[in-house]
Structure formats: structure tokens, C-alpha cells
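Because the structure is predicted, anything quoted here is derived from the model rather than measured.
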Amino acid sequence: MEPSEPAPDAEPLPGTAAATGRRPVRCRMCGRPLTGTASRRTGLGPACDAKLHPASPDIRTRRHEVEQDALPGT
């Protein structure tokens, strides 16, 4: 027996790919469903993308605190 197909005028079930118009895309690393456009395009969720591509350190924010002697006359 072949599975019966839904009637063409039947409304799709909410939450299914037919209802949303998008097919489900999952993260390549962890398998979680992706919802954001950029995440769906790259195939990685934001957390997994941050693990693979960490942000470069900002040189302007790095500061080194150094103990210095007081200047004479101050």
C-alpha cells in the first residue's frame, strides 16, 4: 500500500516545513535547528561559529598596568 497523500486543499500542520515554507536546517557541529538567515547560510549556529572562528583581540583595549616610582617633585 502506498501512503495516502494529503488533499491539495488541506492546511499543513503548524510547525512543519510545509507550513513555514522552509526546510529544516541543522547546525553541522551540534545538530541544533538553525533559525537565523546567516546561520542557515553558513550551516553553523552562533555558538559553534564562535568556537570555530573566535573574535580577534582588540589591540586598543589591551593595557598593561606597570608599577612605577613616583616622579621627583610631585
Side-chain angles (χ1 to χ4, degrees):
M1 273 173 121
E2 292 183 30
S4 62
E5 293 185 21
D9 59 345
E11 190 172 319
L13 294 174
T16 61
T20 59
R22 292 196 245 172
R23 62 184 176 94
V25 177
R26 297 197 170 268
C27 178
R28 293 182 288 161
M29 280 185 66
C30 66
R32 291 181 181 152
L34 300 175
T35 56
T37 305
S39 296
R40 291 171 59 87
R41 189 178 308 123
T42 61
L44 291 171
C48 294
D49 188 43
K51 289 177 191 174
L52 287 178
H53 306 104
S56 59
D58 188 8
I59 295 173
R60 294 174 288 171
T61 59
R62 286 190 297 182
R63 297 183 186 248
H64 300 288
E65 296 296 327
V66 179
E67 290 186 25
Q68 295 182 352
D69 293 333
L71 293 173
T74 56

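- Distance check, rounded to the nearest 0.5 Å: SG of C27 to CZ of R40 gives 13.0 Å.
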Does the side chain to side chain contact (heavy atoms under 4.5 Å, CB included) test come out yes or no for M29 and L52, once each step is laid out?
-> CA-CA 10 Å; M29 280 185 66; L52 287 178; 3.7 Å; yes
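- Under the rule for a side-chain contact (heavy atoms from CB on, under 4.5 Å), the partners of T42 that lie at least two apart in sequence or sit in another chain are L44.
- We find the CZ-SG distance between R32 and C48 to be 7.0 Å, quoted to the nearest 0.5 Å.
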